[in-house]
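Report on the structure given below.
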Amino acid sequence: MRGLAAFALALAFLTPLGTPALAVTTAAPVDVPVEPPGYRMDDYRSPTPATLAGANVVDTDAAKLLHDEKRAVFVDVLPRAPRPQGLPEGTVWHPKPRRDIPGSVWLVDTGYGALPPAMEAYFLNGLARATGGDKQRPVVFYCLRDCWMSWNAARRALSAGYGAVHWYPDGTDGWAEAGLPLEPREPETRPDE
């Protein structure tokens with residue numbers, strides 16, 4: 001026997017009769033994600049860290065307050081497959097519908113760890129339009145709960161010089177669970193569409 005199991009067994013033999021024994025249990029280690037040194041490059045739908053250096057991490061109450069103040073720009077970065085190129089004429093394409101925080105801008109597919117130059121420009125140009133070119137205007141990045149894409153996008157905005165970056169890790173999942181409204185949204189037109 002080794003470790004805690006041996007200790008618990010020895011303790012049981014050493015405890016005088018009629019005295020309560022100390023209960024010793026072991027728990028599985030909890031994997032608390034930590035911030036990577038760069039962007040998250042894979043396994044995007046997995047638990048996220050509790051922090052993002054340089055950004056304010058907000059919960060649903062704080063996100064709602066920012067939304068109600070009507071000064072912050074809300075940016076969704078949920079991915080969505082583009083319309084396949086080369087579809088025969090007349091083919092009906094039905095992308096998955098998205099329900100979003102009211103008034104948001106959807107900069108689709110901009111939360112991947114590495115972006116092609118065209119998508120990087122799409123992200124930066126979309127942010128500039130949404131903020132009116134004001135890099136100090138509050139921006140709230142979100143996606144779904146346990147989605148690294150919003151974390152990556154917020155980090156990317158910090159790297160681009162945005163100074164009032166907020167990351168809302170619960171995203172539309174947390175918003176909906178709080179009974180807050182969602183509305184249909186279409187993404188800003190991608191450069192490859």
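One-based numbering along the sequence shown. Side chains included, hydrogens not; waters and symmetry mates left out as well; all remaining heavy atoms used. Predicted model only: the values in this text are computed from it and were never measured.
In plain terms, the two heavy atoms of Arg185 and Gly103 that are nearest each other are NH2-N, 3.2 Å. Residues Ala178 and Thr60 share a closest heavy-atom pair of CB-CG2, 3.7 Å. Residues Gln136 and Gly163 share a closest heavy-atom pair of OE1-CA, 3.6 Å. Of all heavy-atom pairs spanning Pro37 and Arg155, the tightest one is O-NH2, 3.0 Å. Between Val77 and Cys143, the shortest heavy-atom distance links the atoms CG2-CB, 4.3 Å. Pro79 approaches Val108 most closely through the heavy-atom pair C-CG2, 3.9 Å.
Residues Leu124 and Met149 share a hydrophobic cluster, clusters being chains of Ile/Leu/Val/Met/Phe/Trp/Tyr side chains in contact below 4.5 Å. Follow the hydrophobic side-chain contacts under 4.5 Å out from Val140 and you never reach Val57; the two are in separate clusters. Residues Phe74 and Leu182 share a hydrophobic cluster, clusters being chains of Ile/Leu/Val/Met/Phe/Trp/Tyr side chains in contact below 4.5 Å. The hydrophobic cluster containing Leu66 also contains Ile101, counting ILVMFWY residues as joined when their side-chain heavy atoms lie under 4.5 angstrom apart, directly or transitively.
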**Q.** Criterion side-chain contact (heavy atoms from CB on, under 4.5 Å) on Leu144 and Arg45, from CA distance to verdict
**A.** CA-CA 9 Å; Leu144 302 171; Arg45 287 304 310 270; 3.2 Å; yes
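Val139 has its side chain within reach of Thr131: a pair of non-hydrogen atoms, C-beta onward, lies under 4.5 Å apart. Contact of the Val75 side chain with the Leu107 side chain is registered, since non-hydrogen atoms from C-beta on lie closer than 4.5 Å. Side-chain contact between Arg145 and Glu177 is present, with heavy atoms from C-beta onward closer than 4.5 Å. Between Trp151 and Pro36 there is a side-chain heavy-atom pair separated by less than 4.5 Å. Considering only heavy atoms from C-beta on, Trp148 comes within 4.5 Å of Pro49 through its side chain. Looking at heavy atoms from C-beta onward, Val105 lies out of side-chain contact with Arg129 at the 4.5 angstrom threshold.
Of the inter-residue distances, the one linking Tyr168 atom OH with Ser150 atom OG reads 10.5 Å to the nearest 0.5 angstrom. The line from CG of Asn152 to SG of Cys147 is 8.5 Å long, rounded to the nearest 0.5 Å. Atom CG of Asp76 and atom CZ of Arg99 lie 13.0 Å apart (nearest 0.5 Å). Rounded to the nearest 0.5 angstrom, Tyr162 OH and Leu127 CG are separated by 4.5 Å. Rounded to the nearest 0.5 angstrom, Leu78 CG and Thr172 OG1 are separated by 7.0 Å. In this structure, the separation between OG1 on Thr51 and CG on Asn56 is 12.0 Å, given to the nearest 0.5 Å.
Donor-acceptor pairing under 3.5 Å is lacking for the side chains of Tyr142 and Asp173. Side-chain atoms of Arg40 and Thr48 include no donor-acceptor pair closer than 3.5 Å.
For Leu158, the side chain to side chain contact (heavy atoms under 4.5 Å, CB included) partners are Leu52, Ala55, Val165, not counting sequence neighbours.
Remark: the backbone N or O of Leu87 is not paired with any side-chain donor or acceptor of Thr91 at under 3.5 angstrom. When atom types are taken as modelled, the side chain of Glu188 and the backbone of Gly126 share no donor-acceptor pair closer than 3.5 angstrom.
Contacts classified as ring pair (Phe, Tyr, Trp, His ring centres under 6.0 Å) and involving residues 94-135 (residues at least two apart or in different chains) are given here: Tyr44-Tyr112. Among residues at least two apart or in separate chains, ring pair (Phe, Tyr, Trp, His ring centres under 6.0 Å) pairs with a member in residues 169-193 are His67-Trp175.
Environment of CD in Glu69: crowded, with over 12 heavy atoms of neighbouring residues, nucleotides or ligands closer than 6.0 Å.
By the 4.0 Å N-to-carboxylate-O rule, Glu186 lies too far from Arg98 to be salt-bridged with it.
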